[in-house]
Amino acid sequence: MKFFKQKFPVFKEKVQKFLYKYRYGFLAAIPYFLMDLITRLLGHISYYPVFFPIPNIFTFIWIFLIVGIIINLKGIWEMLAYWFFFFLAMFLYLVNNIYFSMTKFYFSFNLLESTGEGKNYLIDAILDANKLIYICAFVIFVIALVVFIKMRKRTQFHFKKMGKVFLVFFILHLLAPLLYGVKGNELEWNNFKNDRVVYDRFNEPNKSMKVAGLYEYTARSFYIEYLKPEEKISKKDKDFLDSIYTSKDPHQANDYTGIFKGKNVIFLQLEGMDLWALNKEHTPTLYKLMSEGINFKNHYSLYTGGGSTFNSEFAVNIGFTTPISYIENVYNYNSHTFPYTMPRMFKEAGYSVNAFHMNSGEFYSRAINYESWGYDNYYGLIDIQNYKDDSYELDREIIANKTFEQLMFDHKPGEKFVDYIISYTPHTPFTASKGPGKRLANEKYSLKSQIDALTEEDVVYLDVEETDRMVSMMMERLKKRNLLENTVIVAYADHYLYTLADKTILDKYKETSNNLINHTPFFIYCADQEAIQPMDVQEVTMQMDILPTVLNLFGLNYNSNYYLGMDALDPNRKGYAFFSDYSWYNGKSYVESNKVTYGDPMKNNEIKKTSDMINKIIKKNDLTLKFDYFSSLSDK
């Protein structure tokens, strides 16, 4: 005891000297720590609380580097470094929080390749974001300004210590990941719960932000997107894929095989056509087609947090989906080999296959991708006509445009065709003050007071009514050319309406507490009632099931091992949908983190069995895409 009494005052004095000596450094650290802390707090994600050590340790390591650089400079260089790092951090803070406020996902660098698609809605995203983001940003700026004024009174600097700052940062950053625990080596289904696996894979933006903090998240996201060396497939992973692709095809002919053989096909990818928005009042044509066709009532569109529209195009055309165990946008795979795509399968059967959309072929590199998938052509409205206004954003123009109409419907006698049509109008922002909403509101209402009274939900209905108008026009053109009886309509939504600013609208119509929010319409219509009668399919489906289902209906010979999904009309199939966080739904139970959190209870062994299956499917998807596996098949 006497020893501690003697030593403690000395220790206390040293601590006081240390704190006083580096007081400006501690002050300079405050704004950076607040930006990270608030970012993790505003992201309401039930994973890894903000008070856990690791993300804060990473944040302190990065702050040590930033502040260490600043306080070891003087004069103009200190001022430039101070404000450069502050505004860089503030930019990261605003980008991540605004993007999360809109999409419920944090920003990652792979999204930069799709910025063109959303640049017209940047202002709306900023205005609709959580106002607390800006209040906190202002407070942090004031703190930073006060700290800067105080630091200007500082006289000492230690430029020679700059090297030590980098050395200490490097050592600490190298050791920090060890605090996560044991590194996961296998792509096990439940590895999503392992903090070290989350950090190593860095494929889930939300979890990655929670375990790493704002600055480590940004640096690692940049590294993975631009600097990480390309991997080579291991023997174990190759053997895993070989065992799948060389196994016996489990799909067998059934009562629906070939019932549409020889008919034409129109794929309708419906932008933002949430299930609640497709109804008898606002979309009577689509509602009629859905009611009189094969209605897959338990369908889910996998939402990935970025590029979800193109992800649906990829899923329907290729039969695979955006990688889940690593970060990569699917529109980057245009150099990959995909021999069993939808267009190639139909072209082998003698069809012409063309795609039609409002947007230019440069968005999502669609022109390149569609060519690589085997399409004859990708047509963009704004590529073929110079519009003087924004009328091209109205879906009716896809049919009304004379060039498009001829390309879609004017075929040689006996020529079989596939038209892939992507709608656009139900696209953010849902306001009557700009974009399609403004034009449609002015068409429907004569009084300004009526337009001003429109809510966001009202504008959604205006937009989906426009899509329905397009579909009605399409059906008229088919009937006029005597093509209706011989044409099958395959319609599905690309994603639910996640772009709504007012999320309470979704709460009124669907389950929103989990991934079942991705419930969307999918139906197949044929006017030839002798081919098939209206029916409801209750088994769960997802986007990757669409292609094998259609191939079976048209009697095209295919190997189901070459796709991720299954024929949804196979009587032996037990449907399921999985999501990017490894959760899944089988129509009765929704399982996440190895627990049923919604629906009927399940036994643990049943949960594990299905989870293992889902994990195997995801592994198949990700390894096939990462290592361009089909190119090795084509070489044999």
Side-chain angles (χ1 to χ4, degrees), residues 251-270 273-280 283-301 312 315-317 319 342 345-346 351 416 418-421 423 467-468 471-472 474-475 478-479 483-494 518-556 558 560 563 565-577 585-587:
H251 181 261
Q252 296 179 353
N254 54 54
D255 293 342
Y256 303 98
T257 302
I259 62 173
F260 296 148
K261 190 174 183 65
K263 292 185 181 294
N264 305 308
V265 198
I266 293 180
F267 286 87
L268 282 179
Q269 180 168 305
L270 305 169
M273 187 62 69
D274 217 331
L275 198 58
W276 56 271
L278 199 166
N279 55 59
K280 192 173 184 178
T283 57
T285 305
L286 283 168
Y287 185 82
K288 180 178 184 296
L289 299 183
M290 184 173 68
S291 302
E292 297 180 2
I294 308 173
N295 185 11
F296 300 87
K297 297 178 72 68
N298 230 337
H299 182 75
Y300 294 84
S301 296
S312 288
V316 174
N317 282 281
M342 182 275 287
M345 297 297 285
F346 274 96
Y351 286 74
K416 297 182 293 186
V418 175
D419 288 343
Y420 194 93
I421 302 174
S423 71
T467 300
D468 196 69
V471 177
S472 178
M474 180 191 76
M475 300 300 285
L478 289 171
K479 187 175 182 179
L483 292 171
L484 186 57
E485 291 286 321
N486 201 41
T487 301
V488 176
I489 312 296
V490 180
Y492 64 95
D494 56 351
N518 292 283
H519 192 193
T520 53
F522 164 41
F523 57 90
I524 299 174
Y525 172 83
C526 180
D528 182 3
Q529 294 296 301
E530 293 184 3
I532 192 168
Q533 295 296 312
M535 60 183 293
D536 291 341
V537 177
Q538 300 297 337
E539 287 291 325
V540 177
T541 58
M542 53 183 174
Q543 292 134 304
M544 289 74 75
D545 296 320
I546 295 176
L547 178 52
T549 302
V550 171
L551 294 178
N552 181 66
L553 287 168
F554 280 81
L556 301 184
Y558 73 99
S560 63
Y563 305 99
M566 299 171 61
D567 171 18
L569 296 173
D570 187 330
N572 298 316
R573 175 181 181 270
K574 292 184 178 180
Y576 57 84
Y585 181 60
N586 64 6

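Heavy-atom basis, side chains included; hydrogens, waters and symmetry copies ignored.
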Trainee: Please assess Ile266 against Leu478 for the test side-chain contact (heavy atoms from CB on, under 4.5 Å), listing each intermediate value before the final yes or no.
Mentor: CA-CA 11 Å; Ile266 293 180; Leu478 289 171; 3.9 Å; yes

Trainee: Calculate, to the nearest 0.5 Å, the distance between atoms OH and CZ belonging to Tyr351 and Phe554 respectively.
Mentor: 5.5 Å

Trainee: side-chain contact (heavy atoms from CB on, under 4.5 Å), that's the test. Do Met474 and Ile421 meet it? Break it down for me.
Mentor: CA-CA 10 Å; Met474 180 191 76; Ile421 302 174; 4.1 Å; yes

Trainee: With a 3.5 Å distance limit and no angle check, can you tell me whether Tyr563 reaches the backbone of Gly565 through a side-chain donor-acceptor pair?
Mentor: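 Not a single qualifying donor-acceptor pair exists.
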
Trainee: Working to the nearest 0.5 angstrom, can you tell me the gap between Ile259 CD1 and Cys526 SG?
Mentor: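 Taking CD1 in Ile259 and SG in Cys526, the distance rounds to 8.0 Å.
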
Trainee: Are Asp494 and Tyr492 close enough that a side-chain donor and a side-chain acceptor fall under 3.5 Å?
Mentor: no

Trainee: Working to the nearest 0.5 Å, report the span between CE of Met535 and CD of Glu292.
Mentor: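 Here the rounded value is 15.5 Å.
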
Trainee: Do Met273 and Thr467 come close enough that some side-chain heavy atom pair is under 4.5 Å?
Mentor: yes

Trainee: Hey, are the side chains of Tyr558 and Asn552 touching, using non-hydrogen atoms and a 4.5 Å cut-off?
Mentor: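 Result yes, sub-4.5 Å side-chain heavy-atom pair found.
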
Trainee: Hey, what do you get for CD (Gln538) to NZ (Lys297), rounding to the nearest 0.5 Å?
Mentor: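 Reported to 0.5 Å precision, the distance equals 6.5 Å.
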
Trainee: Can you confirm whether more than 12 heavy atoms, excluding those of Glu485, are under 6.0 Å from its CD atom?
Mentor: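 For Glu485, atom CD is crowded (more than 12 foreign heavy atoms under 6.0 Å).
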
Trainee: Look at the side chain of Thr520 and the backbone N and O of Asp274, then say whether any donor-acceptor pair between them is shorter than 3.5 Å.
Mentor: no

Trainee: Centroid separation under 6.0 Å, is that true for the rings of Phe522 and Tyr300?
Mentor: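 No, the ring centres sit 6.0 Å or more apart.
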
Trainee: Could you give the distance from CE (Met342) to CG (Leu556), rounded to the nearest 0.5 Å?
Mentor: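 Rounded to the nearest 0.5 Å, the CE-CG separation comes out at 11.0 Å.
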
Trainee: Ignoring hydrogens, what is the shortest heavy-atom contact between Pro521 and His299? Give both atom names and the distance.
Mentor: O-CD2, 3.9 Å

Trainee: Hey, does the side chain of Ser291 reach the backbone of Lys288 with a donor-acceptor pair shorter than 3.5 angstrom?
Mentor: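 Side chain of Ser291 to backbone of Lys288, a donor-acceptor pair under 3.5 Å: no, none is there.
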
Trainee: Might you point out which heavy atoms bring Phe260 and Ala531 nearest each other, and give the distance in Å?
Mentor: CE2-CB, 3.9 Å

Trainee: Go through Asn298 and Tyr585 one step at a time and tell me if the side-chain contact (heavy atoms from CB on, under 4.5 Å) criterion holds.
Mentor: CA-CA 10 Å; Asn298 230 337; Tyr585 181 60; 3.9 Å; yes

Trainee: Identify the heavy atoms of Leu547 and Val316 that sit nearest to each other, and give their distance.
Mentor: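 Taking every non-hydrogen atom into account, CB-O, 3.5 Å.
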
Trainee: Quick one: closest heavy-atom pair of Ser312 and Ala493, and the distance?
Mentor: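 Taking every non-hydrogen atom into account, OG-O, 4.4 Å.
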
Trainee: Could you tell me whether the side chains of Asp528 and Asn486 share a donor-acceptor contact shorter than 3.5 Å?
Mentor: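 The criterion, which ignores hydrogens and geometry beyond distance, is not satisfied for Asn486 and Asp528.
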
Trainee: Measure from the side-chain N and O atoms of Gln533 to the backbone N and O of Glu530, and report whether any donor-acceptor pair falls under 3.5 Å.
Mentor: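 Pair absent, no side-chain N/O of Gln533 close to backbone of Glu530.
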
Trainee: Only one of Asn279, Ile489, Val471 passes side chain to side chain contact (heavy atoms under 4.5 Å, CB included) with Leu286; say which it is.
Mentor: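 Answer after filtering Asn279, Ile489, Val471: Val471.
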
Trainee: What is the distance from atom OG1 of Thr541 to atom CG of Asp567, rounded to the nearest 0.5 Å?
Mentor: 11.5 Å

Trainee: Indicate yes or no: at least one non-hydrogen side-chain atom of Gln543 is less than 4.5 angstrom from one of Ser301.
Mentor: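 The answer is yes, as the side chains (C-beta and beyond) meet within the 4.5 Å cut-off.
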
Trainee: Indicate the atoms forming the closest heavy-atom contact of Ala568 with Phe296, along with that distance.
Mentor: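 Smallest heavy-atom distance, with atoms named: CB-CE2, 3.7 Å.
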
Trainee: Any heavy-atom pair between the side chains of Thr549 and Tyr256 that's under 4.5 Å?
Mentor: no

Trainee: Would you say that Phe267 contacts Asn317 through its side chain, given a criterion of any heavy-atom pair below 4.5 Å between the two side chains?
Mentor: no

Trainee: Got Asp570 and Gln252 here, is their nearest side-chain heavy-atom distance under 4.5 Å?
Mentor: no

Trainee: Is any side-chain heavy atom of Ile546 closer than 4.5 Å to a side-chain heavy atom of Val550?
Mentor: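 The answer is yes, as the side chains (C-beta and beyond) meet within the 4.5 Å cut-off.
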
Trainee: Would you check, one step at a time, whether the test side-chain contact (heavy atoms from CB on, under 4.5 Å) holds for His251 with Leu551?
Mentor: CA-CA 12 Å; His251 181 261; Leu551 294 178; over 6 Å; no

Trainee: So do Asn264 and Leu483 actually touch side chain to side chain, heavy atoms under 4.5 Å?
Mentor: yes

